[in-house]
Participant: 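Have a look at the structure that comes next, please.
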Amino acid sequence: MRYWLMKSEPAEFSIDDLACAPRRSAAWTGVRNYQARNFMRDDMRSGDRAFFYHSSCAVPGIAGIAEIAKSAYPDPTQFDPGDEYFDPKATRDRPRWFSVEVKLVAKTRLVPLPELRARRQLADMRLLARGNRLSITPVTAAEWKFILRLMKKPAGGGS
DNA sequence: GCCAACGTTGGC
DNA sequence: GCCAACGTTGGC
């Protein structure tokens, strides 16, 4: 099983939207970056776990935990001319973009970005790498376990 | 709104 | 294949 971090702008789709979705499950659509696509298409498997990250908002940070409920399939929005994520170069025979199905495991306390940055155990986290913009990044097992522990501590708690 | 950093596009 | 111009991301 692998671990991931998936970014979403809460104004577009938040952890609460996922919590309110039928079966607390939703299609992760609109990824239009090749590296992020490759992670989804080639490496994500059903049963993998992911941190749900809120980006481009007042308090960016990890907001919860999700599970990959269904591995990659063609992202339907690329075929829809009325959709903002329509891609005229994509065809049904040769889809360019992919989605996965994501299911909420737990909403957690929000772990803000500066709190992640402050932990030297997370110094090598892909999310925190200089200039990183990838909306989907791998998380190591050690990082995953460390952040799970962090989530159980009160906000800003020391040690 | 600013700006750093990265990705994509397209002329050559 | 190079690289300048442009677009996007995302924190601040």
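Protein chains get the first letters and strands the later ones, always in sequence-line order, with residue 1 at the start of each.
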Participant: For a quick test of reading the model: is some side-chain N or O of A:Y34 closer than 4.0 Å to OP1 or OP2 of B:dC6?
Facilitator: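 For B:dC6, neither OP1 nor OP2 has a side-chain N or O of A:Y34 closer than 4.0 Å.
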
Participant: Figure out the NZ/P separation between A:K7 and B:dC6, and round it to whole Å.
Facilitator: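 Result: 12 Å.
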
Participant: Over how many whole Å does the gap from A:E115 atom CD to C:dG11 atom C1' extend?
Facilitator: 17 Å

Participant: Using whole Å, report how far CZ of A:R96 lies from C1' of B:dT8.
Facilitator: 11 Å

Participant: Could you tell me whether A:N132 atom CG has more than 12 heavy atoms of other residues or ligands within 6.0 Å of it?
Facilitator: yes

Participant: Could you state the CZ-C1' distance from A:R133 to C:dG11, rounded to the nearest angstrom?
Facilitator: 13 Å

Participant: What's the CD-P distance between A:E12 and C:dT8, to the nearest Å?
Facilitator: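 Distance, rounded to whole Å: 14 Å.
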
Participant: Going by atom types alone, do A:S14 and A:D16 pair a side-chain donor with an acceptor below 3.5 Å?
Facilitator: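 Not at all, the side chains of A:S14 and A:D16 share no donor-acceptor pair under 3.5 Å.
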
Participant: What's A:E9 touching, base or sugar-phosphate or nothing? Going by heavy atoms closer than 4.0 Å.
Facilitator: nothing

Participant: Taking the ring of A:W144 and the ring of A:F51, is the distance between their centroids below 6.0 Å?
Facilitator: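 Ring centroids of A:F51 and A:W144 are less than 6.0 Å from each other.
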
Participant: Calculate the interatomic distance between A:R37 atom CZ and C:dT8 atom P; express it in whole Å.
Facilitator: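 Value for this atom pair: 19 Å.
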
Participant: Round to the nearest Å and state the distance from A:L134 atom CG to C:dT9 atom P.
Facilitator: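 Those two atoms, CG and P, are 12 Å apart.
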
Participant: Should the heavy atoms of other residues, nucleotides or ligands under 6.0 Å from NZ of A:K103 be counted, would the total exceed 12?
Facilitator: yes

Participant: Please report the distance, rounded to the nearest Å, between CG in A:N33 and C1' in C:dT8.
Facilitator: 10 Å

